[in-house]
Each structure stands twice: as structure tokens, then as C-alpha cells.
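Structure first, then comments.
Convention: sequence-line order gives letters A, B, ...; per-chain numbering from 1.
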Amino acid sequence: MLQFQFVSDLEAQLRERFPGKAPADWQILPERTPENMPGELTVNTFRFARVFGQAPDKIAAAAAEILARHPDIETVETIKAFVNVTVRPAALFRDTVADGRKLLAAVTLPEAQRRKVLIEFSAPNTNKPQHLGHVRNNTIGMAVAGLLGRVGHEVIPINLVNDRGIHICKSMLAYLRFGNDVTPESAKVKGDHLVGSFYVKYAQALAEEIKALRAARPELAAKTDEELFLETEIGAAAQEMLRRWEAGDPEVRKLWQMMNSWVLAGFDQTYQRMGIHFAHTYYESETYLLGKDLIADGLARGVFRRRADGAVTVDLGKLGQKVVLRSDGTSVYITQDIGTTVKKYHDYHPDEQIWVVGDEQNLHFQMLFAILKQLGYAWADGLSHLSYGMVNLPSGRMKSREGTVVDADDLFDEMVALAREACQERADGETAAAELDRRAEIIGMGALKFMLLKFNAKTTILFDPSASIRFEGDTGPYVQYACARIASIERKAAERGIVLDAAAPDWSLLARSEEKLLALTLWFYPQAAQQAAERRDASGLVEYLLDLGKSFNRFYRECPILGADDPAIARVRAALAARTRDVLVDGLKTLTIGVPDAM
RNA sequence: GCCCCGGUAGCUCAGAGGAUAGAGCAGCUGCCUUCUAAGCAGUUGGUCGUGGGUUCGAUUCCCGCCCGGGGUGCCA
């Protein structure tokens with residue numbers, strides 16, 4: 001990690017003054033001094049006075065005394081146990097931005113802390129296109145994968161496609177009955193959307209049949225729609241299709257293959273547009289039988305118990321009892337997950353496995369992890385559920401069957417179209433249409449991803465399509481705009497024949513408060529990225545990038561670069577701007593958000 | 001009933017034991033012949049759901065209660 005010289009020296013001298021007290025890994029992390037307080041950086045001795053066995057104000061006094069003599073320190077002021085300092089400009093820039101490569105390299109963790117992490121996200125069903133809920137999952141998944149990779153972990157992003165089951169058969173059955181052999185090509189519709197339309201048709205047909213059934217047989221009034229499913233013709237037919245699928249019926253399998261390939265081709269487009277890449281995709285059709293042998297094994301070892309009715313259960317203490325095998329010997333959801341988790345472990349031998357899955361499955365994962373621990377897998381401690389909240393609409397929850405969803409592809413188009421309008425307005429007449437399209441894609445998708453990542457994953461998001469997504473304020477485009485301004489300055493400099501990077505910049509020429517604040521903010525980048533990675537929470541990095549963008553825009557306003565009186569000041573300010581751009585681009589790229597050259 | 005998550009400015013959210021609780025949006029005031037105004041500066045707005053407790057110090061930790069969401073399947 002990048003450290004200020006005065007902080008390292010302070011650590012050493014405090015250790016000397018109180019020998020044998022502080023542990024080897026103890027270190028001081030200076031904080032930014034609040035704006036209405038004197039100073040730039042604060043050493044908060046409340047945080048570590050205890051390690052020296054001293055009262056905070058004693059340590060603060062000692063620290064202040066040490067720092068007052070330090071050549072890098074301009075002023076020291078102690079308030080309670082806070083030691084506020086201002087740093088001499090030359091030292092401040094030397095320790096923060098002077099070495100840009102070192103700043104970016106400081107994000108990477110030491111080798112001993114790097115791990116192999118498998119992260120599973122997206123996990124779509126192949127009966128319908130993806131909606132905003134999936135987009136949140138995908139965005140969080142790839143951002144966290146990016147963060148973990150950026151700090152040096154070996155990351156294996158994987159997908160598990162749920163490509164079998166009754167919901168798939170529903171789409172298939174509706175296609176057989178109402179499809180007239182339509183294909184994505186003949187209908188000129190993306191494959192996942194085409195298949196999804198049959199899923200909706202099935203739901204409609206089923207609803208009508210249930211309604212008719214209820215009208216004909218009033219004694220069924222107390223039963224739920226779900227309980228009546230097999231009473232309907234179309235319900236029984238779907239169940240029969242599932243049975244034939246499981247039996248390997250060639251006709252059913254052929255239809256299944258065809259429709260799945262349509263959906264997967266559609267998903268590929270969606271993933272590509274989002275910038276998602278998986279190291280491997282598992283298919284539930286190939287893994288759904290896994291786990292049963294593990295249940296048999298656990299039964300033999302007394303981890304599980306067979307109940308009188310034949311079902312196999314496990315006692316999970318506070319979490320309750322859980323059935324892991326039905327009385328007819330077939331798997332339940334958790335049986336499959338036990339099997340695939342063990343498979344994933346054997347395929348990759350990761351130190352950690354992370355699942356990005358909605359919070360309605362919190363209990364499921366608690367149970368899954370508890371079962372794997374009871375089965376005795378030492379690696380079960382490395383399993384975690386990255387749980388995130390729903391995306392609700394003003395009208396309530398999104399429901400595919402009722403068609404009340406914000407479709408992913410439609411949303412992307414809408415975002416990009418809005419960005420395109422804004423680009424058009426700002427562009428000079430000479431900018432080619434293709435270039436505007438390119439910018440709009442980066443800005444529109446960036447705005448969407450940034451918005452989704454800005455929330456803490458746990459919070460339930462209320463998404464109002466009519467209010468749409470903003471491009472101003474705390475947004476992706478705000479950060480991208482700072483980058484575009486920097487790129488523009490560099491272009492202008494080139495046009496005017498000003499050479500900005502000829503010699504090593506003279507950092508001692510900088511001393512304005514906006515310049516110092518910008519450099520200090522840049523210094524925090526490695527910490528912000530590492531903390532976000534550690535917490536598996538991209539919102540921390542998002543907040544940081546907004547903060548950096550703000551620091552830059554203030555600097556931009558107050559400290560002219562090309563207009564600086566002294567060419568040497570222009571050079572060093574340009575270097576500071578370039579450092580800013582490098583960090584912003586690095587941070588956005590980590591979150592799979594791009595940066596346009598101009599906006 | 002039990003379990004999990006949330007309740008902070010009009011709205012959307014930060015804040016993971018420390019200073020006088022922050023930001024964006026919305027509202028109001030200014031700033032584009034000056035490196036891009038997707039920007040900047042200023043301003044209005046808060047009993048941090050509520051009642052206790054621990055602590056030198058609590059929005060933050062613990063307990064009770066209220067409100068909202070999710071879960072509590074031999075569904076996934």
C-alpha cells in the first residue's frame with residue numbers, strides 16, 4: 001500500500017517510544033480531515049491508543065510532538081485525540097501522485113493474500129428473456145468479479161443455466177400448440193424473446209383453463225391455482241412432457257434443443273452488450289442428477305436420516321429440518337446444489353465460492369452451507385452467498401408471467417437512445433453518426449450499470465421507468481464526463497502544439513488547495529478498491545469514483561491547465577489530470593464500465 | 001408465531017464505535033466571448049422509526065417495541 005513518509009516515520013517513532021506494545025501488522029491509516037476542520041489529513045489516535053496502553057490524548061500529544069518536527073509537515077493541530085496536519089505540498093505530491101504506476105500498482109494485494117475465487121452469477125432460466133432483476137444480478141456479479149480480479153485474486157466467473165424443468169416444458173408445449181413452426185429468423189425476433197412469448201401464452205391458456213375449471217366445479221374454490229395445476233389438461237400435458245424429457249424422449253429432446261439454442265443465442269447477445277464473460281457455463285440439464293450419491297453417502301454416515309415415509313432429511317439445528325431427498329427418491333433443489341457445489345470444487349479447487357443470488361434465497365444458502373459442513377467438507381467455510389435485494393416497480397414486484405417486467409434488452413435500447421439524443425445535442429456537426437452511436441452505447445450502458453451499483457446490494461431498489469435514469473449528478477456519466485474533459489484538454493494541447501509530457505513534471509510547483517485535495521483523493525484509490533473488494537461491495541468503489549470526479553471538477557474549474565501562465569505549471573497540472581483519468585478509467589473498467597473519448 | 005433484511009433531509013441513498021450526521025435529485029440564487037454547463041459555487045431542508053442499555057463517546061453495538069419487505073415447501 002502507498003503510504004505517506006510522515007506516517008511511516010510516525011509509526012516507527014511511536015513504536016520506539018512505546019517499545020514492544022504494537023503488533024507487527026499495526027499501521028496508521030490517515031483519514032481525510034472534515035472540510036470545516038483545520039488541516040488536510042487526520043491521524044485519529046482513538047483508533048489505536050489502546051495498542052500502546054495509553055490514553056488517546058496522551059498518544060495524540062506524542063504524535064503531535066513527533067509530527068511538529070517532521071520536515072514534511074507544515075502545521076499540526078490537536079483537537080481531542082485527533083491530530084490534524086497540513087502537509088508541505090512538495091511532500092504531499094511526492095507521496096501521492098508523483099509515481100502514477102506505483103499508485104495503480106498499490107491496488108494489488110500482496111501475494112500471500114491472493115486467493116482463487118469462483119463466483120457464480122446470472123443463472124437464468126431458458127424459458128424467457130432476462131429482465132431488470134437479472135440485469136442487477138449480472139451487474140453486481142461482474143463488478144464484484146472485476147473488483148476481486150483487480151486486487152489480485154484469481155477469479156473464475158461461472159454461469160449455471162437452468163435449462164430444464166417444468167417451466168421450460170411450459171414454453172415448449174405452448175410452442176407446439178400455438179407456434180406454427182415460427183423461428184427467430186422468420187419472426188425476426190431475438191430467440192429468448194420468442195420463447196418468452198410462448199411462456200406467456202402458456203400462462204394465459206393455463207389461467208383460462210383454471211377459470212373454466214373453477215366455474216364448472218365450485219367445490220374446488222378452496223384450492224390454490226397451484227394445486228389445480230395437474231387438474232388442467234394443459235398442466236398435465238406439461239408434466240407429461242417433463243416426464244418424457246427425463247426419459248430422454250428423442251422428439252421432446254429435439255424440440256428442447258432447438259428452443260434452448262434460440263434462448264442461449266439471445267442471452268449471448270445480452271451478455272455481450274453488458275460486457276460479461278464467463279470462464280465456464282454449467283447447464284442444469286447436465287448437473288441436475290448430481291448430489292444423490294452424496295445423499296446416499298451422508299445417509300450411510302449418519303449425517304442424514306431416512307424418515308418413516310421414506311424421505312431423507314437433515315437436522316440443521318436452529319435452521320430447522322430440511323428434506324434432501326423426496327420419499328420417491330428424487331432430488332429437490334438443494335440436492336442439486338449440494339452436487340454442483342462439490343462438482344465446482346473438484347473442477348476448480350477454489351479457496352472460495354460465491355453465489356450472487358437474490359435475498360429470497362437467504363435461508364436456502366444458509367442450509368446449503370450448513371449441510372456441506374455437516375458432510376465434513378473443510379472448504380465449506382469458504383462458501384458465501386452474495387445476497388441482493390429485488391428491483392421493484394412503482395406498481396410492485398416484477399412478474400414474468402404477468403408481463404409486468406422491465407425487459408433487459410428494451411431497457412438497454414432506451415438508455416442508449418436517451419444517451420444518443422444527449423450526444424447529438426452536444427456534438428459539433430462534424431462528428432460521424434457511427435461515433436455518436438459508439439459514445440451513446442458506452443454512456444447509456446454505463447449510466448445503467450453505475451446506477452445499479454451505487455446502491456448497496458442489500459437494498460431493495462425502486463425503479464421508476466418513467467423517471468428513467470439520470471445522466472446528471474451522482475451518475476456514471478458524471479464520472480465519464482471528467483474523463484472526457486481530460487481527453488479534450490489533451491487533444492486541444494496537441495492542436496495548439498503544446499507539449500505536455502516532454503519532461504518529468506515539477507510537482508513542487510503545485511500548492512493550491514484544489515490541487516492538493518485532488519492528489520489526496522487519488523491517494524485513497526488503492527484503499528477504496530481494496531475495501532470494496534474485501535466487502536464484496538462495488539458501491540464503495542462507486543462512491544469513491546464520484547468523490548474523485550468531484551475533486552477533479554473543482555480542480556478543473558479553479559486551476560486552468562492550458563491557460564496557466566507558466567508552461568511548467570501547465571505541464572504539471574496536465575500530469576495531475578492524467579493521473580486522475582488513469583484512476584477513473586481503472587476504477588470504471590473494474591466495474592465493467594467504459595469511457596468515451598468525448599461527450 | 002419464528003428467522004433474515006431495511007427504516008437517516010420532500011425524494012433516492014452514503015455513513016461498519018469517534019469531531020458540528022453527508023451526497024445527488026427536487027426547490028431557491030448566481031456562473032457559459034475563458035481547457036466541454038452531462039459542469040461549478042451558494043442556499044433552504046434532519047427529535048438518524050421508537051423506548052431502554054453498554055461506552056469517555058452510539059446513526060453505528062446489545063435488548064424490547066412499531067412500521068415495511070423477504071423467507072419459513074417432498075417448488076426453484
Side-chain angles (χ1 to χ4, degrees), chain A residues 31 33-37 42 44-47 55-57 79-82 84 123 125 162 165-167 226 284 307 309-313 318-320 322-337 358-364 366 387 389-390 392 397 419 422-423 425-428 443 447 451 454-456 458-464 467 470-482 484-493 496 498 531 535 537 539-540 542-543 546-547 549-550 552-554 556-564 570 573-574 577 598-599:
Chain A
E31 299 160 24
T33 308
E35 271 185 58
N36 42 8
M37 295 284 179
T42 297
N44 180 353
T45 62
F46 279 116
R47 291 198 186 282
D57 56 339
I79 303 174
K80 299 188 196 176
F82 298 98
N84 299 325
N125 294 334
N162 301 305
I166 191 72
H167 51 293
E226 222 170 293
E284 195 186 303
R307 242 167 29 189
D309 61 6
V312 178
T313 67
K318 277 200 314 204
L319 298 177
K322 177 70 190 169
V323 169
V324 292
L325 212 57
R326 293 193 184 98
S327 48
D328 66 2
T330 57
S331 301
V332 290
Y333 175 44
I334 206 157
T335 321
Q336 293 175 42
D337 259 3
D359 60 10
E360 71 272 13
Q361 293 197 35
N362 285 352
L363 181 60
H364 169 79
Q366 283 179 36
S387 163
M390 319 224 110
N392 289 337
R397 280 180 79 155
C423 287
E425 280 171 25
R426 284 152 225 268
D428 54 41
I443 295 165
M451 183 278 286
K454 193 175 172 298
F455 296 92
N456 179 311
K458 275 195 287 192
T459 65
T460 305
I461 296 180
L462 183 82
F463 181 83
D464 186 349
R470 295 177 211 289
F471 292 80
E472 283 152 32
D474 275 355
T475 64
Y478 176 89
V479 179
Q480 292 170 325
Y481 186 64
R485 280 180 147 176
I486 296 164
S488 170
I489 290 169
E490 291 178 350
R491 273 195 303 273
K492 282 263 156 59
R496 299 179 194 176
I498 301 169
Q531 184 176 279
R535 294 180 179 177
D537 176 12
S539 70
V542 164
E543 291 290 338
L546 287 167
D547 191 37
K550 188 170 213 173
F552 173 77
N553 278 329
R554 282 183 186 158
Y556 178 89
R557 169 82 176 188
E558 297 301 326
C559 307
I561 297 171
L562 299 180
R573 282 184 181 161
M599 289 175 73

Could you state the atom-to-atom distance from [atom1] of [X] to [atom2] of [N] in whole Å?
X	N	atom1	atom2	value
A:Asn553	B:rC40	CG	P	4 Å
A:Lys458	B:rG6	NZ	P	4 Å
A:Glu35	B:rG42	CD	C1'	13 Å
A:Asp547	B:rA23	CG	P	11 Å
A:Arg557	B:rA41	CZ	C1'	7 Å
A:Met451	B:rU12	CE	C1'	11 Å

Using the [atom1] atoms only, state how far [M] lies from [N], rounded to an integer number of Å.
N	M	atom1	answer
B:rC74	B:rC65	C1'	38 Å
B:rC25	B:rA14	C1'	14 Å
B:rC4	B:rU43	C1'	42 Å
B:rG46	B:rA9	P	10 Å
B:rA16	B:rA21	P	15 Å
B:rG6	B:rC28	C1'	33 Å
B:rG69	B:rC75	P	27 Å
B:rC63	B:rA26	P	41 Å

Under 4.0 Å, counting only non-hydrogen atoms across every strand here, what does [X] touch: a base, just sugar-phosphate, or nothing?
X	value
A:Ile443	base
A:Ala484	base
A:Ala81	nothing

[X] to [Y] - nearest heavy-atom pair and separation:
X	Y	answer
A:Ala577	A:Phe552	CB-CE1, 4.1 Å
A:Asn553	A:Arg485	OD1-NH1, 2.7 Å
A:Ala311	A:Val323	CB-CG1, 4.4 Å
A:Phe455	A:Ile461	CD1-CD1, 3.4 Å
A:Pro56	A:Ala81	CB-CB, 3.6 Å
A:Thr330	A:Leu325	O-CD1, 3.6 Å

_Short side-chain to backbone donor-acceptor contact, A:Arg426 and A:Met599, under 3.5 Å_ =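 No.
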_B:rG24 OP1/OP2 closer than 4.0 Å to side-chain N/O of A:Lys550_ =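 For A:Lys550, the contact criterion (side-chain N or O under 4.0 Å from OP1 or OP2 of B:rG24) is met.
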*Does B:rC32 sit syn or anti, given that only angles within 90° of 0 count as syn?*
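Base orientation: syn.
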_A:Gln531: which residues meet the side-chain contact (heavy atoms from CB on, under 4.5 Å) condition with it, sequence neighbours left out?_
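side-chain contact (heavy atoms from CB on, under 4.5 Å) check on A:Gln531 returns A:Arg535.
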Would you list the protein and nucleotides 25-28 of chain B atom pairs, both N or O, that sit under 3.5 Å from each other?
{"unit_1": "B:rC25", "atom_1": "O2'", "unit_2": "A:Arg470", "atom_2": "NH2", "d": "3.4"}

*side chain to side chain donor-acceptor pair (under 3.5 Å) partners for A:Thr42, two or more places apart*: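 Counting only residues at least two positions away or on another chain, A:Thr42 forms a side chain to side chain donor-acceptor pair (under 3.5 Å) with A:Thr33, A:Asn84.
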*Under 4.5 Å between any side-chain heavy atoms of A:Pro560 and A:Arg573, yes or no?*
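Yes, their side chains come closer than 4.5 Å.
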*RNA chain B in dot-bracket, Watson-Crick or G-U pairs under 3.5 Å, [ ] crossing, | other strand?*
((((((((.[[[[.)..(...]]]].(((((.......))))).....[[[[[..)....]]]]])))))))....
*From the list B:rC35, B:rC31, B:rA38, which nucleotide is the closest neighbour of the side chain of A:Met599?*
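Per side-chain heavy atoms of A:Met599, the pick is B:rA38.
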*So A:Arg326 and A:Thr335, side-chain contact (heavy atoms from CB on, under 4.5 Å) or not? Walk me through it.*
CA-CA 10 Å; A:Arg326 293 193 184 98; A:Thr335 321; over 6 Å; no
_Heavy-atom protein contacts under 4.0 Å, nucleotides 67-76 of chain B, coded B base, S sugar-phosphate only, - none_ = ---SSSBBSB
_Nucleic acid footprint by protein, nucleotides 14-22 of chain B - heavy-atom cut-off 4.0 Å, B for base, S for sugar-phosphate alone_ = S-B-BBB--
*On RNA chain B, check which nucleotide each of A:Leu319 and A:Pro560 is closest to and give me the residue with the more 5' one.*
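Looking at the nearest nucleotide for each, A:Leu319 comes out on the 5' side.
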*Do A:His167 and A:Asn162 have side-chain N/O donor and acceptor atoms under 3.5 Å apart?*
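Judged by distance alone, the side chains do not pair up.
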*Could you tell me whether the side chains of A:Ser387 and A:Asn362 share a donor-acceptor contact shorter than 3.5 Å?*
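Indeed, the side chains of A:Ser387 and A:Asn362 share at least one donor-acceptor pair under 3.5 Å.
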_Angle between ring planes, A:Phe82 versus A:Phe46, binned at 30° and 60°: parallel, tilted or perpendicular?_
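Ring orientation of A:Phe82 relative to A:Phe46: perpendicular.
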_The test is side-chain contact (heavy atoms from CB on, under 4.5 Å); show your working for A:Asp359 and A:Lys458 and say whether it passes._
CA-CA 8 Å; A:Asp359 60 10; A:Lys458 275 195 287 192; over 6 Å; no
